[in-house]
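Notes follow the structure.
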Amino acid sequence: MSSPDLETVDGLLAAVENGNRRALARIISHIENGTELARPLLAGLYARGGRAHIIGVTGAPGTGKSTLVNAMTQIYRQRGITVGVIAVDPTSPFSGGALLGDRVRMRDLAGDPGVFIRSMATRGSLGGLAQATADVALVLDAAGFQRIIIETVGVGQSEVEIASTAHTTVVVEAPGLGDEVQAIKAGILEIADVFAVNKADREGADRTVMALKMMLSLGVPEKFQVMHHGRMLPVTMPASDKDPEAWTPPIFKTIATQSKGVTELVDGIEAHRLYLEQSGARLLRERLRAATELRMLLRDALLNRVLDNAATESIDALVEAVANRELDPYTAVNRLIAETGCIDS
Amino acid sequence: MTTRKVRVLVAKPGLDGHDRGAKVVARALRDAGFEVIYTGIRQTPDMIAEAALQEDVDVVGLSILSGAHMALVPAVQKALKKVGLEDVVLLVGGIIPDEDVEALHKMGVQGVFGPGTSTQEIVDFIHQQLGLEPA
Ligand SMILES: Nc1nc2c(ncn2[C@@H]2O[C@H](COP(=O)(O)OP(=O)(O)OP(=O)(O)O)[C@@H](O)[C@H]2O)c(=O)[nH]1
Ligand SMILES: [Mg+2]
């Protein structure tokens with residue numbers, strides 16, 4: 001058998017189609033590093049994507065996300081479903097390096113060709129991270145993995161943004177230490193499709209469940225409006241299968257270290273998957289995602305084009321003029337666009 | 001925009017359960033700007049090779065305190081070769097007697113670091129092996 005060519009776009013694409021895991025890993029690196037192969041690789045993979053169900057797992061540090069991903073993946077594997085895992089950890093703002101330790105909790109998945117785990121550092125870029133994660137998910141999707149689980153530490157806006165890549169977002173809570181307050185602060189309740197209250201072997205799990213139930217009933221009124229709405233108009237619009245918002249996030253108690261409650265959690269995720277498909281919400285989400293993505297890429301491409309074409313001196317001069325209030329920024333932008341001739345105005 | 005990062009797998013093969021040293025090195029490498037994938041204790045050679053492949057690392061660092069390095073290192077090399085990663089830079093750290101250092105080099109281990117090694121030495125060594133400017 002001749003060894004596959006892992007240096008070119010065509011070679012990498014052919015190899016990954018044949019299930020070559022080294023090619024898969026290389027493609028992910030090209031995308032993370034933004035090499036010149038990244039775009040043609042993504043373009044070549046795009047048509048093969050869109051089949052996987054993408055699951056985001058987020059929550060405060062140490063709540064047991066990786067342990068839960070390990071347990072969830074084992075259950076998917078028992079059902080014959082393949083799983084790609086993307087484990088995101090923060091890049092150190094001081095050194096630019098990162099310590100990616102999620103694999104430590106996923107050792108049960110080693111040696112299974114139906115699983116592929118990749119650790120990713122945030123690398124500092126905010127909007128860029130969500131895009132990079134979505135692109136890596138696309139690679140795993142195109143490689144044929146049926147579920148893709150993205151683990152992120154839910155502490156900031158960037159993690160919330162990553163959740164927008166996911167079809168189903170699982171928010172992981174653990175008892176104690178004002179977790180509930182943290183969740184609200186990060187705006188995490190709003191993105192949850194499913195809750196896992198992990199470490200249910202610990203004191204206070206029931207209280208966390210109660211707190212979540214209360215906050216759900218207070219904080220996300222639209223979902224309840226929809227239900228009322230549906231009940232008020234049962235003939236013309238049954239809420240359960242017409243309105244894409246009619247999903248109330250279920251709450252599952254889990255003990256990830258003992259794999260307790262995890263079957264129920266996986267069933268809950270799968271119920272949400274079916275719900276998205278049957279209600280048409282998945283299509284709607286895909287369309288929204290495509291619109292956002294197109295808009296963002298277009299903005300980047302045009303920005304880069306203008307910046308590439310403009311002389312550095314003229315940008316510097318305009319910045320100077322705007323800073324000195326000799327010129328307003330709107331006029332400056334128009335001049336820059338006119339000067340570079342990138343866009344007919 | 002190209003932002004290449006050096007990726008290093010830090011693993012502990014074999015049965016000894018002390019990973020303090022490995023964690024110290026892992027943190028030092030992070031502080032040097034590397035992306036460090038830490039896999040934890042009791043890794044089999046196949047687990048190490050598989051993780052190195054999935055994570056597409058430039059360097060594999062093994063921490064071995066058990067004294068079993070002369071058996072474990074060739075086993076890891078064999079596993080790396082099996083997945084096509086024989087070219088990855090291989091480092092071994094731990095309690096390695098002088099007479100074994102030469103033998104490990106002969107086996108193709110690029111760097112062998114004893115207990116007295118400063119983490120800066122390891123960082124410099126990686127930069128040099130990969131042909132990179134020190135940060
Ligand atoms: N008692 C108990 N401990 C758990 C449970 N699940 C995870 N842990 C422990 O909690 C600690 C953190 O688990 P991880 O899975 O690494 O948590 P994480 O949320 O991925 O952590 P980060 O990625 O660092 O944010 C580990 O020591 C786990 O063994 C559980 O259900 N019960
Ligand atoms: Mg984790």
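Lettering of chains follows the sequences in order, A, B, ..., and the numbering in each one begins at 1.
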* Asked: When rounded to the nearest 0.5 angstrom, what is the spacing between CG in A:Asp141 and CD1 in A:Ile54?
  -> 6.0 Å

* Structure fact -> So CZ of B:Phe34 and NE2 of B:His127: to nearest 0.5 Å the spacing works out to 4.0 Å

* Distance, nearest 0.5 Å, that separates CG of A:Asn33 from CZ of A:Arg123 -> 5.0 Å

* Do the ring planes of A:Phe145 and A:Phe116 sit parallel (below 30°), tilted (30 to 60°) or perpendicular (above 60°)? -> tilted

* Establish, from distance only, whether the side-chain atoms of A:Thr257 and A:Thr67 form a donor-acceptor pair under 3.5 Å. => no

* **Side chain, backbone, both or neither of B:Arg7 within contact of chain A (heavy atoms, under 4.5 Å)** => side chain

* Asked: Is B:Leu15 atom CG crowded by more than 12 heavy atoms from other residues, nucleotides or ligands, each under 6.0 Å away?
  -> no

* Asked: Where on A:Asp112 is there a heavy atom nearer than 4.5 Å to chain B: the side chain, the backbone, both, or neither?
  -> backbone

* Asked: Residue by residue, which of residues 59-93 of chain B have a heavy atom closer than 4.5 Å to a heavy atom belonging to chain A?
  -> B:Val83, B:Gly84, B:Leu85

* Under 4.5 Å from a heavy atom of chain B, the part of A:Val85 involved -> neither

* How many angstroms lie between atom CZ of A:Arg107 and atom CZ of B:Arg42, to the nearest 0.5 angstrom? -> 8.0 Å

* What part of A:Ser119 lies closer than 4.5 angstrom to a heavy atom of chain B: side chain, backbone, both or neither? -> both

* Structure fact -> Ranking B:Ala51, B:Gly40, B:Gly33 by heavy-atom pairs under 4.5 Å to chain A gives rank one to B:Gly33

* **Cationic N near anionic O, under 4.0 Å, A:Arg21 to B:Glu50** => yes

